[in-house]
Structures are given as C-alpha cells and as structure tokens.
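See below for the structure under consideration.
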Amino acid sequence: MSSSSLRRTGPRVFSVLRGAAGVAPRRRIVDLSYSAHFMDFHGSSIPGSMKKLLVTRLSHDFREAVVLQAAAPVPTPGDGDLLVRNRFVGINASDINYSAGRYDPSVKLPFDVGFEGVGEVVGLGLSASAHHTVGEAVAYFSDGAFAEYTVVPSKKAVSVPAAKPEFLSLLLSGATAYVALKRLGDLAPGDTVLVTAAAGGTGQFAVQFAKRAGCHVIGTCSSDEKAGFLKTIGCDRPINYVAEDLGQTLRREYPSGVDVVYESVGGAVFDVAVNALANKGRLIVIGFISGYRSLSGIPSIRGGTLPVKLLQKSASVRGFFLPHFLHDYQDALGSMMEMLARGKLVCEVDRGEMAPEGSFVGLESVFRAVEHMYAGKNLGKVVVEVAPPAVASSKL
Ligand code: NAP
C-alpha cells in the first residue's frame, strides 16, 4: 500500500477499444505517451484533469492532512496497469492512519490516499489487456483510490458483475473477516465468538462468517438500530454497549468465556475482551480504532498483566494484517462472490443517506464520510459515490 506503486515505468502503450464494452473487437494498439488524452470505451475523450485527494501534511486529522485538488492530471496507465474511472470508493478506519504517515514513516509528501474503489476500466496497458478489457467493471484494493480516475496494477483488480458498492465492500472489509477467521480463528461449530464494532464495515462480515461456521455470535455496537441490524444478519447476542456494560454482560451471560474474539476497537474494549477469553481462547487483533485519533495512534491497555492472563487460560492474542495474507485473497473473494450471488451474504453499505448533510456524493464527501465513521454513526461499509465529470465527446 505504498504510494510508490503509482510511479510507473516502462512503455506507455495502451489498448484502446471503441464501441460498447465486450462487443467491439480490439482495433489497434497505440502509443499515447505523448498525450494526456486518450479514448475511453464510449469513444469519447477522457478529460485531461480530474479531482483527487492528496495528503499534503501528515496528520491523523483527515481535514488537516488532506486537500482536494480540483484539476490534477488524469494519470496514464503503464504496461501492466488499468485506468479505472471510479464509481464508488471505500472509506476505512485506517484512512487517518495513512494520512498520518503511520503506514510508512519515511513517506514523502504529497501522496495519494484511499485504499479501494470500484469502477470501469477506461484504458489499459498492453500486458494488462491479456486479463482485462475496456468497459469491464472492476473492484480493486490499491493506492490512490480517492480520485476520479485511478491507475491500478491489473493484478490488484478483480472483475465484478457491475460497479456497485456491495462488491467494493468485499475487497478489504469482507476479505479481512474471511481470511482472519479462517487462518487465525480455528473456528469450530459451537464456539462462542465475540465481534467488536460488529455493525461496521468489517464487523458485519465477521458476524456472518462466524455464524456460517456454526458458532454462537456476540456483537458489540453503540445503538439499538445497529443491534437490530445485527439480529438480521444472524448475531445471536447484540450488545449495545451504550445501554449495557460490556464487561458485566459478558461475565453474567458467558461465565465460561468466549472462544474467539474478532477485536478492532482496542484500549478498554481489548482489556474486557482479554478478560472474557475462555480457556484456549484466541483473540485476533484486527485493529484498535479507539486510539487512531490520538497522537501515537495507539490506545493504552493493561499490558502488564497480559502474559499472566494468557498463561492462566492457555489463551493467545494474534495479530492480523490483510496485506500479509494475500495468498488467501483470491480464495476469499471467490467464496464471498459466490455467497453474494446465491443471496447468502449481506453486504450492508452506508452511503450517508442518514448523515446530516445527506448522501456522500463526490470526492468532497470523503471528509464527511470519514467523520461519519469516527462519530460511530455508520451502519455497514461506508462508501462515497464518485461522480466524474461527463466526458466530452470527441474523436482521436
Ligand atoms: P467500521 O467498523 O466500518 O467503523 C468503525 C466503527 O468502530 C464505528 O462505526 C464504531 O461502531 C466503532 N467504534 C468503536 N469505538 C470507536 C471509537 N472510539 N471511535 C470510532 N469508532 C469506534 O470501520 P472499518 O474500516 O471496518 O474498521 C474497523 C476496524 O477494523 C479498525 O480497527 C480497522 O483498523 C480494522 N481493519 C483492519 C484490517 C486489517 O487488515 N487488520 C482491515 C480492515 C479493517 P460502534 O459505535 O457501533 O461501536
């Protein structure tokens, strides 16, 4: 996820199609390296400039760190790349870690931001044309998504039936839950699984995958509306921690403890989860959002007593970071796409319909969308609809 992957090398040779996607044969290969303009699949010129977000100052305060560039050059794809016109981009808790430079402390300003998007291929390099075609809908997990057009290495793009936000939610949020539980959860039917931030982007998937594995699922959230949603996706015991004390509820209702925790809040919630572990319990550290808005980015925990608590229960704490598990990625996406197609997976997306200033449309909305998430208001995966300017019709 480094911004350096956007620096392209090699010949700038593009495959260009005219006419409807998937209908027109590839006419020719042209070298357009001399021009910022080239043809899209409707036969019209892609604009030379676009809107995009850029980190100009390192800060976990997204508004402080990031500026909207109104007329950035539209990038040109390299040989193995796609140029994707983004329809939706995904908001992630870690967008503010990224803008704070926590992913790569040596990163040079300014740099692009945004982890994932879904849209249509509007241009591609020669090698990339072996696997993708102009007009195809793709979702991707790659750098620089907060832009109207993004260059994506073709190996990081996945074909999807349509440029819809539900597919976007699988790329990072869904895959994290799928792979983490599969690789580190050791789930067995009858296990008790606690999911924190359960009604959010990745939590909703962890609830469903744990349930599919035959587990009893507990999910934390901050409102009755979210608790109601959790019931609809199979959560056996939603806990609205604003209305009831999490630690007390777990001690009272689960005296033998929980077998697995999918934990993404950190701090005091991590401490409660450690205390709630059953013998041989596994706590998977997915994140610690409660600390991301602090200077260090790390919430404090009762670390001094952790070894003794783990020893007394033969329990373990395991870290999980999706980029370390890319071998499992294709399998995860394939399975999730199949579940979705069969109506066996709910991908709840939050487009900001309930946000005070309305739906998240246009890149300007990314700022509000990040704040919506950090206010704990989101239900499901937060997405922003990107509306690129209409392309002018002209011939090459
Ligand atoms: P999200 O769950 O859609 O949204 C964040 C949710 O966290 C909020 O809606 C809120 O729900 C809850 N929350 C609890 N305490 C909070 C606090 N102090 N401040 C803000 N929110 C709080 O976000 P996401 O992008 O899917 O990320 C969730 C977690 O997963 C993060 O820790 C993220 O870093 C992690 N993650 C890790 C990986 C990985 O590879 N390890 C990949 C993806 C995500 P309630 O108000 O209902 O509690």
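Remember, it's 1-based here, ligands and their atoms both numbered in the order they're listed.
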Do V317 and F270 come close enough that some side-chain heavy atom pair is under 4.5 Å? yes
Which atoms of ligand 1 sit under 4.0 Å from any heavy atom of F321? 40 (O), 41 (N)
Ligand 1 N/O within reach of T220 N/O, cut-off under 3.5 Å: no
Do any pairs count as a ring pair (Phe, Tyr, Trp, His ring centres under 6.0 Å) and have a residue in residues 204-251, sequence neighbours left out, and if so which ones? Y178-F209, H216-Y254
Nearest-option assignment for atom 22 (C) of ligand 1, heavy atoms, candidates N378, L172, I289: I289
Going by heavy atoms, is V382 under 4.0 Å from ligand 1? no
Measuring from atom CG of L54 to atom CD of Q69, what distance do you get when rounded to the nearest 0.5 angstrom? 5.0 Å
Please work out, at 4.0 Å between heavy atoms, whether the side chain, the backbone, both, or neither of V265 comes within that distance of ligand 1. side chain
I need the atoms of ligand 1 closer than 4.0 Å to a non-hydrogen atom of N92, numbered in the order shown. 25 (O)
Got the closest protein heavy atom to atom 12 (C) of ligand 1, with its distance? A197 CB, 3.8 Å
Test of understanding: given a 4.0 Å heavy-atom threshold, classify the contact between F288 and ligand 1 as side chain, backbone, both, or neither. backbone
Shortest protein heavy-atom distance from atom 42 (C) of ligand 1, along with the residue and atom involved: T176 OG1, 3.1 Å
Using a strict cut-off of less than 4.0 Å between a Lys/Arg side-chain nitrogen and an Asp/Glu carboxylate oxygen, indicate whether D350 and K377 qualify as a salt bridge. no
Show, in sequence, the C-alpha distance, side-chain angles and deciding distance for E348 and K381, and conclude whether the salt bridge (charged side-chain N to carboxylate O under 4.0 Å, His left out) test is met. CA-CA 6 Å; E348 187 69 23; K381 172 81 191 175; over 6 Å; no
Could you tell me whether L322 and ligand 1 have an N or O pair separated by under 3.5 Å? yes
Which of N86, L82, V74 passes side-chain contact (heavy atoms from CB on, under 4.5 Å) with T150? Answer is N86
Using atom types as modelled and distance alone, determine if a side-chain donor or acceptor of D81 lies under 3.5 Å from a backbone N or O of G78. yes
Regarding ligand 1, does K377 bring an N or O atom to under 3.5 Å of one of the ligand's N or O atoms? no
Enumerated ligand 1 atoms positioned under 4.0 Å from heavy atoms of F320: 39 (C), 41 (N)
Enumerated ligand 1 atoms positioned under 4.0 Å from heavy atoms of G201: 1 (P), 2 (O), 3 (O), 26 (O)
Would you say G287 and ligand 1 have an N/O pair spaced under 3.5 Å apart? no
Is there at least one pair of N or O atoms, one from T202 and one from ligand 1, spaced under 3.5 Å apart? yes
Quick note on ligand 1: atoms under 4.0 Å from a heavy atom of Y241 include exactly 14 (C), 45 (P), 46 (O), 48 (O)
Looking only at N/O atoms, are S290 and ligand 1 under 3.5 Å apart anywhere? no
Parallel, tilted or perpendicular: rings of F62 and F146 (30°, 60°): perpendicular
Region of I286 engaging ligand 1 - heavy atom pairs below 4.0 Å: both
Classify the angle between the aromatic ring planes of Y292 and Y374 as parallel (below 30°), tilted (30 to 60°) or perpendicular (above 60°). tilted
So, does T196 use its side chain to make a donor-acceptor pair with the main chain of S264 at under 3.5 Å? yes
A student comparing C221, A177, G200, A93 should find that the heavy atom closest to atom 31 (C) of ligand 1 comes from A93
Looking only at atom types and distance, does a side-chain atom of S59 sit under 3.5 Å from a main-chain N or O of D61, one as donor and one as acceptor? yes
Of the protein's non-hydrogen atoms, which lies at the shortest distance from atom 46 (O) of ligand 1, and what is that distance? S222 OG, 2.6 Å
Only heavy atoms count here, so choose which of H372, K226, R293, E225 is nearest to atom 11 (O) of ligand 1. K226
Do F321 and Y262 sit in the same hydrophobic cluster, where Ile, Leu, Val, Met, Phe, Trp and Tyr count as joined when their side-chain heavy atoms come under 4.5 Å apart? yes
Using 30° and 60° as the class limits, which term best fits the ring planes of H372 and F360: parallel, tilted or perpendicular? perpendicular
Which residue holds the protein heavy atom closest to atom 29 (C) of ligand 1, what is that atom called, and what is the gap in Å? S264 CB, 3.3 Å
